[in-house]
Amino acid sequence: LNSESMLAQDPEASYGKIIAIEIPSWRASVFSLGHRNPQGLFVGSDQVVWSTEHGPEGGDELNRVERDGNYGWPFATYGVDYGLDVWPLTRAPGSHAGYREPVYAWVPSIGVSSLVGVESNRFETWRGDLLVGSLRDRGLWRMRIRNGGLVVNERIEVGIRVRDVIEGHGGEIVLWSDEAPEVVFLEPAGERNTPVAAFAVCR
């Protein structure tokens, strides 16, 4: 709050940026700026880039990240400073005016972590949705975005801090918790009705 340099907005600093790296040449460039604390990054088969990031007190974000987009930190957030009911640096309280809006902001914060898109047919009704992990909330959030808008936002109780979430080679959803540490595999419930699945559970 008291710093004279706002590094997330400084084009010469890498802090607060998402960096694109061209693997063949290893050239790096700023893809987007104005991020507070990115936690997860997912590039779908449609090449849409999604990120999750921590807000201050409140204001964790899901962003659709576009090249050259400015996501506003530290001048725009739906969170507040700790112990206050405002964010002192905001230029337009209650909005991201002049900056890219998040697709969704959690208030209060859930301690957002990693995310993945469901691309396999294993979870047929979830295909095309995003799954977002949470630390503080100890759950998984299924988010369906269609035509640029959020149409489903379902919280799934997991009961552990979800640090990372990926889609396995067989389409199963794999969660990693830093509590135990522990790895959890999610599979469609119907698959437990087969003899092979029952044997796997017993084994």
Side-chain angles (χ1 to χ4, degrees), residues 1-11 13-19 30-43 48-117 129-145 148-158 160-165 175 177-179:
L1 285 176
N2 299 317
S3 175
E4 292 183 7
S5 59
M6 302 298 176
L7 296 180
Q9 294 294 324
D10 183 350
S14 61
Y15 181 86
K17 314 296 188 300
I18 290 177
I19 307 293
V30 172
F31 189 83
S32 61
L33 72 156
H35 300 283
R36 180 179 184 266
N37 188 346
Q39 295 293 300
L41 187 70
F42 174 74
V43 182
V48 174
V49 180
W50 298 96
S51 78
T52 51
E53 67 180 81
H54 286 306
E57 187 171 358
D60 288 357
E61 294 180 358
L62 170 68
N63 286 304
R64 179 177 174 142
V65 185
E66 298 179 355
R67 185 175 285 278
D68 300 323
N70 187 336
Y71 292 81
W73 183 259
F75 301 122
T77 178
Y78 286 112
V80 297
D81 193 17
Y82 297 93
L84 300 178
D85 59 0
V86 296
W87 178 250
L89 297 180
T90 190
R91 294 174 175 170
S95 82
H96 268 59
Y99 301 101
R100 300 288 174 93
E101 287 275 358
V103 172
Y104 188 78
W106 285 269
V107 178
S109 292
I110 61 169
V112 73
S113 62
S114 184
L115 80 159
V116 70
D129 295 350
L130 295 172
L131 298 177
V132 177
S134 63
L135 300 166
R136 179 180 173 191
D137 179 66
R138 302 165 70 86
L140 188 67
W141 294 72
R142 181 174 69 92
M143 309 183 84
R144 175 167 296 165
I145 294 146
L150 181 67
V151 294
V152 172
N153 187 24
E154 176 189 13
R155 181 185 180 276
I156 300 165
E157 175 67 31
V158 179
I160 57 173
R161 289 165 49 92
V162 178
R163 175 65 67 179
D164 200 5
V165 53
L175 309 178
S177 173
D178 56 6
E179 278 184 303

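Every value quoted in this text rests on a predicted model; they were computed, and no experiment measured them.
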To the nearest 0.5 Å, how far apart are OH in Tyr15 and CG in Leu33? 13.0 Å
On a heavy-atom basis, the closest approach of Pro74 and Leu89 is O-CB, 3.5 Å
Drop me the distance from Trp50's CH2 to Arg64's CZ, to the nearest 0.5 angstrom. 5.5 Å
Is the ring pair Phe75/Tyr99 parallel, tilted or perpendicular, if the boundaries are 30 and 60 degrees? parallel
Minimum-distance pair of heavy atoms, taken over all atoms of Asp60 and Val112: OD2-N, 3.0 Å
In Å and rounded to the nearest 0.5 Å, what is the CD1 to CD distance from Ile18 to Glu66? 11.5 Å
Quick check for you: to the nearest 0.5 Å, what is the distance between Gln9 atom CD and Lys17 atom NZ? 7.5 Å
Could you tell me if the side chain of Leu130 sits less than 4.5 Å from the side chain of Val116, heavy atoms only? no
Can you tell me how far the OH atom of Tyr78 sits from the OH atom of Tyr104, to the nearest 0.5 Å? 12.5 Å
In terms of heavy-atom contacts, does CZ of Arg67 have more than 12 from other residues, nucleotides or ligands at under 6.0 Å? yes
So, taking the atom named OG1 in Thr77 and the one named CD in Glu53, what distance separates them when rounded to the nearest 0.5 Å? 8.5 Å
Locate the shortest heavy-atom distance separating Leu62 from Trp106; write the atom from each residue and the value. N-CZ3, 3.8 Å
Candidates Arg161, Arg138, Arg163 - the one meeting salt bridge (Lys or Arg N to Asp or Glu O under 4.0 Å) with Glu179: Arg138
